[in-house]
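The structure follows.
Nothing here was measured: the structure is a model prediction, and the numbers come from that model. Note on naming: letters A, B, ... go to the chains in the order of the sequence lines (proteins, then strands), and numbering restarts at 1 for each one.
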Amino acid sequence: MNNFDFEKIEEKWQNYWSSNKIIECDLDSEKPKFYNLCMYPYPSGDLHMGHVRNYTIGDVITRYKLLNGFNVLSPMGWDSFGLPAENAAIKTGIHPREFTEERITNMKDQIIRLGSLYDWERELAAHSEDYYKWTQYLFIKLYEADLAYKKDAPVNWCNSCKTVLANEQVVDGNCERCETEVIQKNLNQWFLKISNYSEELLTGLEKIGNWPENVKTMQKNWIGKSEGAQFELKVSGSDILFEVFTTRPDTLFGMTFAVISPEHELMENILKISDNKNQIKEYIEKAKSKSEFERMSITKEKSGVDTHLKVINPMTNEEVPLWIADYVLINYGTGAIMAVPAHDQRDYDFAKKYNIEIRQVIMNKESQKNVEIEAYVEEGVLINSGEFNDLNSHTEASQKIIQYLEKNKMGDKKTTFRLRDWLISRQRYWGCPIPLINCEECGLVAEDIKNLPVLLPEIENYLNTDGSPLSKSEEFVNVECPKCNKPGLRETDTMDTFVDSSWYFLRFLDPKNSEEPFKSKFINDWLPVDQYIGGVEHAILHLLYSRFFVKALRDLKMIDVDEPFNNLFSQGMINFEGAKMSKSKGNIVDPEGYFKSHGADALRLYILFMAPPSDGVDWNDGGIEGTKRFLNKLWENLAQIIDMKVEENNIDESGTEIERQLNQSIESITNHLEKFEFNTAVSDLMILNNNLSSYLNNTELISSDLKDQIIRDVCLLIYPLAPHFGSEIYNNYFNDEISKEDWVKPNKEKLTNPTYELVIQINGKKKNAIEVDRGTTQEQAEEICKTKFNIEINDAKKVIFLEDKLINIVV
RNA sequence: GCCCGGGUGGCGGAAUUGGUAGACGCGACGGACUUAAAAUCCGUUAUUCGAAAGGAUGUGGGGGUUCGAGUCCCCCCUCGGGCACCA
């Protein structure tokens, strides 16, 4: 056997795998199903190390599960709508489609070059007409089910990109892409009612399969459930009523003022009767002109204006002032609060600034803490609270006060969620058009299903000076209403690309269906995804939106599943020189060079070896030399074993030893792969390789059985991680294809060494160690201590003996 | 501020239920081969005292539980991630 010529070998096997379609999945196979999914990438043009890590991990699982007899579905596609293509179009004039498809071709080549197996027969792309047709179809279904609606909403607007930004695209008040300051702008936009599912999205996390705890926590916090009470406050001397929400009904007696948000719908009514109109108007204007960022972080100092009106505390009938302040947010709770400065730090700060009374109603009898310097938010018992005095705060008193409010028809128990509806409108070109029409007669009308897809129009200029670029195509905008045939106007917004990615894992099961988005049967048989693998940066939004989509489609009776992803693995990010890799920073490390210099297998091994896969790492190629060396050395060792002289029935001591070591490797590597501990799986392979080297130093003869076993097992063990290598040697020796094999199981009888190293401790500290037979008794061990090491056992206070491990003498 | 994770040699990182800390790899140093280099092979490599045998110290810091703690408990420092006026 010649040396490990990775370039030739890798090409050979990549051709073999694609021409023999070894991963093409027959959905109706008898074998147990395994849906293995890597997050489909945005086609940026070049694979970066984050992709390499993702697709290597995915491929390890694919190949490992194949060998374990599963019918593995492992598809790949493209998240191919989105900003970069459009920005490039604005700059260069190249059509986003052309730009995107070129990049897809390139990236696909690189994924194949990495040696990862994907069922390319199922390839899909979000921007292709036969995909976005069905995105539109699903949108219409959601619309018909009352899960999509339009409303005016202040949005983050970047004046330079001319687009709405999602909250996560706003960094420190500036646009993530161009760093222009983000301003607020009101637009009439589309939302999806994800908030209908808040409770189920939360409880679903409890029932889900194996998800990382931190991801579940992030989702939980994002959904942000809080329980409390809601009740009405009446403005005295008027018929103005408004609701407030509180999680601390136990502090109700401490309410010394109330606050409503400047955007509150009752503001008109308040203005009418307030004698402080001018100041209020001025304040509202000021609040409006502030960006959300200014309102939240720069102006830590709270501000507000007195309405000179009073509201009535429902418990005490006492009149307290009503203020307007922008620290109360319009889109959380009811947009108005009861303020209890003694027990809420925000209210406390406000009360201090405007000299409003601070009345303590909770006291901890032990600490005797008062509210002179800050709000008291911890537990205690109620004081100054009438009949509720002496009840325990938070729990007991809250319950009792809620009961009181309910009994007297003043308020209710209430649960509020932080999760807001999903704004999906984008004033951009390169996205999925929203398939709705504004008809003069009928109002908003969904496009007829048979007219789908609503195609993206061809336009000249992608720059959108005020509205969406789609509005520039008159042909696109002016249509007949599908209901009444009168003139109508199309929606010109496109959808957030998270909509595309919220159902692509469904389409993979039926990617060529031209009648419907998918056959429900396939979904019901194959979902949830058994293993979903992707970057931790998608821990919240993509996963939450996909979960919402699946639940909504279930309620539309299109599918019968509750959750899209049963097991989730989130890999850590790969940074470079401490920073996130990104095109704009110019710090992308791409794998192309390593394919040439070290080969795909060495790169795969290295990226697995460099750190536990869920940890973030800083890219550093210092160690890749090591995995290349390892492959060369293993190649050489196996070649030597193949060339060894055969003599049957001649398993000598070193033969027994290598057999045992092999079995230990099988057991350990299997465990590591099951637990996604790929770094230690690689190190086990290296240890096995070192064992082979010493074996070869010690012996010249081998039985044919042992030879077959070593070659087969080593090839199988390395195959999921370095598939070209494993395939080639297996094929050279057995003249067959390794993927037909079954995964190896350790021979339990050949796992344990007959001897072990007995550790001798004095007072728990290791003093000596000696090789003894397995099963050595305490008496024998004590005897060894006496005779070999001169330790006087009789003087010992205590002797601790752990069989097959250690003896500890306490003196 | 709140909620998650982390902190182990020069570096990346290993360590079942508490039981030999530093596996494996990189780097470095020494040697072999070579005219030379690369590649390869052999050896050394936590710190410290010692010529050596051997000893002492050591998993961010401090305390505790235990025969025994990287691992469990309490306090503190620090780094990374998420959320952040959410009533």
For this session: Answer with yes or no whether the side chains of A:Tyr332 and A:Ser226 bring together a donor and an acceptor at under 3.5 Å.
Result: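 A:Ser226 vs A:Tyr332: donor-acceptor pair found between side chains.
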Exercise. What's the CG-P distance between A:Leu806 and B:C67, to the nearest Å?
Worked result: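 Value for this atom pair: 15 Å.
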Problem set entry | A:Leu382 to A:Ser393 - nearest heavy-atom pair and separation |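 So the two residues come closest at CD1-CA, 3.7 Å.
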For this session: Look at A:Arg629 and B:C26 and indicate whether a side-chain polar atom (N or O) is within less than 4.0 Å of OP1 or OP2.
Result: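 So the side chain of A:Arg629 is within the cut-off, an N or O lying under 4.0 Å from OP1 or OP2 of B:C26.
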Exercise. If you measure from the C1' atom in B:G70 to the same atom in B:G60, how many Å do you get, rounded?
Worked result: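 About 12 Å, rounded to a whole number of Å.
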Exercise. Are the side chains of A:Ile260 and A:Met267 in touch, meaning some heavy atoms are under 4.5 Å apart?
Worked result: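 Contact flag for A:Ile260/A:Met267 side chains = yes.
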Exercise. OP1 or OP2 of B:U57 sitting under 4.0 Å from any side-chain N/O of A:Lys765?
Worked result: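 Yes, such a contact exists.
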Exercise. Base, sugar-phosphate, or nothing for A:Thr334, non-hydrogen atoms under 4.0 angstrom?
Worked result: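 No contact.
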For this session: Look at the side chain of A:Lys220 against the base of B:C3 and say whether a donor-acceptor pair falls under 3.5 Å; ignore hydrogens and angles.
Result: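 Answer is no: no donor-acceptor pair is held.
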For this session: Using the closest heavy atom to pick a nucleotide of RNA chain B for each, name whichever of A:Ile540 or A:Asn214 lands nearer the 5' end.
Result: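 That would be A:Asn214.
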For this session: Provide the distance between the two P atoms, one in B:G19 and one in B:G27, to the nearest whole Å.
Result: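 The same atom, P, in both gives a distance of 33 Å.
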Problem set entry | Separation of B:C26 P from A:Asp618 CG (nearest whole Å) |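 Distance, rounded to whole Å: 20 Å.
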Exercise. Taking the P atom of each, how far is B:G68 from B:G18, in whole Å?
Worked result: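 Those two atoms are separated by 15 Å.
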Exercise. Once you round it to whole Å, what is the distance between P of B:U57 and NZ of A:Lys766?
Worked result: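 It is 16 Å, rounded to the nearest whole Å.
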For this session: Taking syn as within 90° of 0 and anti otherwise, name the glycosidic form of B:G9.
Result: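 It is syn.
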Problem set entry | B:G5 and B:G10, which share atom name P, separated by this distance in whole Å |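 Pairwise P distance, B:G10 against B:G5, rounds to 29 Å.
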Problem set entry | Atom P, compared across B:G9 and B:A46: separation rounded to whole Å |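 Between the two P atoms, the distance is 13 Å.
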Problem set entry | Complementary nucleotide of B:A56, counting Watson-Crick and G-U pairs under 3.5 Å |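 Pairing partner, where one exists within any strand: B:U47.
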Exercise. If we take the P atom in both B:C29 and B:C77, what is their distance in whole Å?
Worked result: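 Between the two P atoms, the distance is 41 Å.
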Exercise. Taking N and O atoms by type only, does the side chain of A:Gln761 place a donor or acceptor under 3.5 Å from a partner on the base of B:G19?
Worked result: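 For A:Gln761, whose side chain was compared with the base of B:G19, there is a donor-acceptor pair (under 3.5 Å).
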For this session: Using whole Å, report how far NZ of A:Lys216 lies from C1' of B:C83.
Result: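 My rounded result for the distance is 19 Å.
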Exercise. Please give, in whole Å, the distance from B:C3 C1' to A:Gln219 CD?
Worked result: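 Result: 15 Å.
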Problem set entry | Partner nucleotide, any strand, of B:A36 [Watson-Crick/G-U, under 3.5 Å] |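 Per the H-bond distance test, none.
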Problem set entry | A:Lys216/A:Glu206 under salt bridge (charged side-chain N to carboxylate O under 4.0 Å, His left out): CA gap, chis, key distance, verdict | CA-CA 9 Å; A:Lys216 286 202 257 184; A:Glu206 310 289 327; over 6 Å; no
Problem set entry | Selection from B:G13, B:A87, B:G82 that lies nearest to any side-chain heavy atom of A:Met218 |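 Given the options B:G13, B:A87, B:G82, the side chain of A:Met218 is closest to B:G82.
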Exercise. Are OP1 or OP2 of B:C41 and a side-chain N or O of A:Lys633 less than 4.0 angstrom apart?
Worked result: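 For B:C41, OP1 or OP2 has a side-chain N or O of A:Lys633 closer than 4.0 Å.
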Exercise. Over how many whole Å does the gap from A:Leu329 atom CG to B:A84 atom P extend?
Worked result: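 Going from A:Leu329 (CG) to B:A84 (P), I get 11 Å.
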For this session: Give the rounded distance in Å between these two atoms: CD of A:Glu537 and P of B:G82.
Result: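 So the CD-P distance, A:Glu537 to B:G82, works out to 10 Å.
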Problem set entry | 5' precedence on RNA chain B between A:Ile624 and A:Gly616 (nearest-nucleotide basis) |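 First, find each residue's nearest nucleotide; the 5'-ward one identifies A:Gly616.
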Problem set entry | Nucleotide of B:C67, B:G13, B:C85 approaching A:Val617 most closely (side-chain heavy atoms) |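 Closest nucleotide to the A:Val617 side chain: B:G13.
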Exercise. Rounded to the nearest Å, what distance is computed from the CG atom of residue A:Asp326 to the P atom of nucleotide B:A87?
Worked result: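 Distance, rounded to whole Å: 18 Å.
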Exercise. Among the nucleotides B:U20, B:C67, B:A87, which one has an atom lying closest to any side-chain atom of A:Val759?
Worked result: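 Nearest to the side chain of A:Val759 among the choices is B:U20.
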For this session: Counting Watson-Crick and G-U wobble pairs only, both distances under 3.5 Å, name the nucleotide matched with B:A23, or none.
Result: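 When the pairing criteria are applied, nothing turns out to pair with B:A23, so the answer is none.
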Exercise. Between A:Glu667 and A:Asn663, does any side-chain donor sit less than 3.5 Å from a side-chain acceptor?
Worked result: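 Absent: no donor and acceptor within the cut-off.
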For this session: Return yes if the base of B:C67 and the side-chain atoms of A:Asn808 contain a donor-acceptor N/O pair under 3.5 Å, otherwise no.
Result: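 Result: at least one qualifying N/O pair found.
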Exercise. With a 4.5 Å limit on heavy-atom distance, are the side chains of A:Gln219 and A:Arg547 in contact?
Worked result: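 The answer is yes, as the side chains (C-beta and beyond) meet within the 4.5 Å cut-off.
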Exercise. When you compare B:U78 with B:C24, how far apart are their P atoms, in angstrom units rounded to a whole number?
Worked result: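 B:U78 and B:C24 have their P atoms separated by 36 Å.
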Exercise. Is the shortest side-chain N/O distance from A:Asn679 to OP1 or OP2 of B:A14 below 4.0 Å?
Worked result: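 For A:Asn679, the contact criterion (side-chain N or O under 4.0 Å from OP1 or OP2 of B:A14) is met.
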Problem set entry | Phosphate contact (B:G19 OP1 or OP2) by A:Lys805 side-chain N/O below 4.0 Å |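 False: A:Lys805 side-chain N/O out of range (4.0 Å or more) of B:G19 OP1/OP2.
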For this session: Please report the C-alpha distance between A:Lys353 and A:Glu301 in whole Å, then the side-chain angles of each, then the deciding distance to 0.1 Å, and finally whether the salt bridge (charged side-chain N to carboxylate O under 4.0 Å, His left out) criterion is met.
Result: CA-CA 9 Å; A:Lys353 178 163 174 186; A:Glu301 175 97 353; 3.4 Å; yes
Exercise. According to the Watson-Crick and G-U wobble definitions, with both distances under 3.5 Å, which nucleotide is paired to B:G1?
Worked result: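 Base-paired to B:C83.
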Exercise. When we call it a touch if two heavy atoms are under 4.0 Å apart, what does A:Gly622 touch: a base, just sugar-phosphate, or nothing?
Worked result: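 Touches sugar-phosphate only.
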For this session: Scan A:Ile687 against the nucleic acid and name what it touches under 4.0 Å (heavy atoms): base, sugar-phosphate only, or nothing.
Result: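 Touches sugar-phosphate only.
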Problem set entry | Pairwise C1' distance for B:U66 and B:G81, with rounding to whole Å |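 Looking at atom C1' only, B:U66 and B:G81 are 35 Å apart.
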Problem set entry | Pi-cation contact, A:Phe350 with A:Lys302 (under 6.0 Å, within 45°) |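 That pair does not qualify as a cation-pi contact.
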For this session: Examine B:A84: is either OP1 or OP2 under 4.0 Å from a nitrogen or oxygen in the side chain of A:Arg418? Give yes or no.
Result: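 For B:A84, OP1/OP2 do have a side-chain N/O of A:Arg418 under 4.0 Å.
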For this session: Under 4.0 Å between any heavy atoms, over every strand shown, what does A:Asn690 touch: base, sugar-phosphate, or nothing? Just pick one.
Result: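 Result for A:Asn690 = sugar-phosphate.
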Problem set entry | Phosphate OP1/OP2 of B:G13 contacted by A:Ser683 side-chain N/O (<4.0 Å) |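 Negative; the distance criterion is not met.
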